[in-house]
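These notes concern the structure reproduced below.
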Amino acid sequence: MPQRPRVIILSTGGTIAMIARGSDAGALRLGAKALAAAVPQLEAIADCETRDILAKPSASLTLADQALIGEAAVAAAQTADGVVITHGTDTLEETAFGLALLTRIETPIVLTAAMRRADQPGADGPANLLAAVRVAASKAARGAGVLVVIDDEIHAGPLIRKSHSFRTHAFSSAPFGPIGYVAEDRVRFALVPAAPPPLMRFGGGRPPIVPIVEAGPGLERETVAALAAGGFDGVILSLPGAGHVAAEAAPDLGRLAERMPVVFASRTGAGETLCASYAYAGSEIDLIARGLIPARWLDARKSRIALQLALAQGADLAQTRAIFDGF
Ligand code: ASP
């Protein structure tokens, strides 16, 4: 029998690892070993080793946890053909994006998750783990960077987002879509992921405090004043359209940007911030002239991860601007 690929499965928590008992509606009870044991079909695909890294609902994961998961994945990759990380769905997109910034290896790093607990009818964890191991073990995934495999779809880690709160088909990479799929035992890539985002490192220490503030029609001066007084390390603004804010808020935001990095992203969910199309007060040209940093194609959540990592690695304002210029 030809040698099977070696895949290391790292567990971090999430619904995939939860089971309800009695009146408790679901606690973290399954480690990587139990998750793998529930899928006997793995045996035919890969020689799987399991490691428990964390056991948390994903809304409780910190930037330091993301860095820890990244280090564990890189360490596992030294003795494996592929690495699978089981994770909560709620902040899967932040970890997928964070790992894409923090790792640069040929060995596939494949995140997977479940929308239904292991004890629920139609639990999707075992099928997702099986598909994730197939992808991690495949030669086709080598060099593809960080991937998310869920619901038989393969997504580029930097693009994915959770776009439904409870159904099993909860993820999309809109407006682009998945880059491949798993059909029976076949791993198919239809698209090649774009060049990876800039490589960053987690400098350690206290994770920087970076709130996200979404504006709509109007942004009150009181809100900007609260941001200035809040003791934050930086701010992400999620703005209408291509990055536009109420004219009255622009001068205050400019003063805020003299004190800390203020990054603005488009709240539309697709496209990117423009840089040279509108010049009215509160437009993207005005905000950039006042020192705010356009997030380019990053949405507010991804911008937050990038800014936290930039701050944690000690980037000054000019270096932070240069990092965002890379997106
Ligand atoms: N609460 C879960 C989490 O850890 C949700 C899930 O995994 O679907 O993100």
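Remember, it's 1-based here, ligands and their atoms both numbered in the order they're listed. Every heavy atom of this structure was used, including side-chain atoms; hydrogens, water molecules and symmetry mates were not.
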Problem - Atom-level proximity to ligand 1, residues with heavy atom under 4.0 Å - result: G14, T15, P57, S58, G88, T89, D90, A114
Fill in the blank from the handout: Those residues at least two apart in sequence (or on a different chain) that pass side chain to side chain contact (heavy atoms under 4.5 Å, CB included) with A140 are S138, F189
Problem - R221: side chain to side chain donor-acceptor pair (under 3.5 Å) partners, not counting sequence neighbours - result: D252
Practice task
Using the ring-ring contact (aromatic ring centres under 6.0 Å, His included) rule, take H155 and F171 through it: C-alpha gap first, then chi angles, then the decisive distance, then the call.
Solution key: CA-CA 9 Å; H155 293 261; F171 285 85; 7.4 Å; no
Exercise for the section: For R259, look at atom CZ and say whether over 12 heavy atoms of other residues, nucleotides or ligands are found less than 6.0 Å away. Expected result: no
Handout entry: Contacts of type ring pair (Phe, Tyr, Trp, His ring centres under 6.0 Å), residue H169, not counting sequence neighbours
Key = none
Problem - Matching residue for S11 among T86, D52, T50 - test: side chain to side chain donor-acceptor pair (under 3.5 Å) - result: D52
